[in-house]
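Chain naming here is simple, since letters A, B, ... match the order of the sequence lines and numbering starts at 1 in each.
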Amino acid sequence: MSHILSVMGEMFPDAHCELNHRNPFELTIAVLLSAQCTDETVNKVTASLFQKYQTPADYLAVPIEELEQDIRRIGLFRNKAAHIQKLSQMLIDNYGGEVPQQHEELTKLPGVGRKTANVVVSNAFGVPAIAVDTHVERVSKRLGLAKADDSVLEVEKKLMKLVPREHWTDTHHRLIFFGRYHCKAQNPNCPVCPLLDVCKEGKQRMKPAVNRKAKPNPNK
DNA sequence: AACTCGGGGCA
DNA sequence: TGCCCAGAGTT
């Protein structure tokens, strides 16, 4: 596992998301917005969004239609605008206007699921966590770190067993960058992959077609 | 477990 | 045009 992480670290030496350096509230909003769209899109939207809105009260001060307009370029924006306003109200009512630091409290907020909560606690509050998104899940399963039919939660548990706690947060970043830019969902770049020799699915993909034709199921 | 939300990016 | 994408909520 350490070999895998060091190789990924060499491939993407500055694997991190700029949004992770924002304050807890902006980070929570940004990760909530990122669901099912690329971080580049979120960066474009939040650049102006965070100029206009700084506090939970700011998001509640406008009609929801106006907030929807401000995040219009993001997919699923109607859900997200409603979530942001409900979340803002809950922060004011229940948490003194601040983002709670406990994972369990975070997931009570609308639009904040397990993945978002993991990103927030690990990047804003220094609590080690491995957020499993589609990239992390795909990469883990291809490498053979988890089984193909494992749930997201099972993938997270297995990664936590494989990686020392102090490296959980940067492990998350490395797997995401590796999955986003190299081990893509379609056409993974196996031919030039430095992890090919330890990758379960990569070796399978790189087998010459003639072998597959001659021996369809050599192991069964 | 399947369905829904949804515009942007890319082939 | 068609397909996929740094998820979460509801049924």
Taking the side chain as everything from C-beta on, heavy atoms only, tell me whether [X] gets closer than 4.5 Å to [Y].
X: Val62(A); Y: Asp70(A); value: no
X: Val7(A); Y: Phe178(A); value: no
X: Val127(A); Y: His103(A); value: no
X: His167(A); Y: Met1(A); value: no

[atom1] spacing across the pair [N] / [M], given as an integer number of angstrom:
N: dG6(B); M: dG2(C); atom1: C1'; answer: 15 Å
N: dA8(C); M: dG9(B); atom1: P; answer: 22 Å
N: dA1(B); M: dA6(C); atom1: C1'; answer: 23 Å

Might you confirm whether atom [atom1] of [X] has over 12 heavy atoms from other residues, nucleotides or ligands at distances under 6.0 Å?
X: Lys184(A); atom1: NZ; value: no
X: Glu40(A); atom1: CD; value: yes
X: Gln51(A); atom1: CD; value: no
X: Lys86(A); atom1: NZ; value: no
X: Glu98(A); atom1: CD; value: no

What residues form a side-chain contact (heavy atoms from CB on, under 4.5 Å) with Gln69(A), not counting sequence neighbours? Arg72(A)

Look at all strands and tell whether Lys44(A) reaches a base, only sugar-phosphate, or nothing, counting heavy atoms closer than 4.0 Å. sugar-phosphate

For the pair made of CG in Leu106(A) and C1' in dG7(C), what is the distance, rounded to whole Å? 16 Å

Distance, rounded to the nearest Å, where Glu40(A) contributes CD and dA6(C) contributes C1': 9 Å

Distances under 3.5 Å between protein N/O atoms and the N/O atoms of nucleotides 2-5 of chain C, please, pair by pair.
unit_1, atom_1, unit_2, atom_2, d
dC5(C), O2, Gln36(A), O, 3.4

Under the rule for ring pair (Phe, Tyr, Trp, His ring centres under 6.0 Å), what residues qualify as partners of Phe25(A), not counting sequence neighbours? Tyr59(A)

On the side chain of Asp133(A), is there an atom forming a donor-acceptor pair with the base of dA6(C) - under 3.5 Å, no angle test? no

Heavy-atom contact window of chain A on DNA chain B, given 5' to 3' at under 4.0 Å: dC5(B) to dG9(B)

Return the polar atom pairs (N/O with N/O) between nucleotides 9-11 of chain C and the protein under 3.5 Å, or none.
unit_1, atom_1, unit_2, atom_2, d
dG9(C), OP1, Gly111(A), N, 3.1

Is any side-chain N of the basic residue among Lys157(A) and Glu154(A) closer than 4.0 Å to the acidic one's carboxylate O? no

Assess the residue pair Glu137(A) and Lys115(A) against the criterion (salt bridge (Lys or Arg N to Asp or Glu O under 4.0 Å)); give the C-alpha distance rounded to whole Å, side-chain angles, the decisive distance to 0.1 Å, and a yes or no. CA-CA 12 Å; Glu137(A) 180 180 358; Lys115(A) 181 253 176 179; over 6 Å; no

Per the under-4.0 Å heavy-atom filter, residues of residues 67-80 of chain A near DNA chain B come out as Arg72(A), Arg73(A), Gly75(A), Leu76(A), Phe77(A), Arg78(A), Asn79(A)

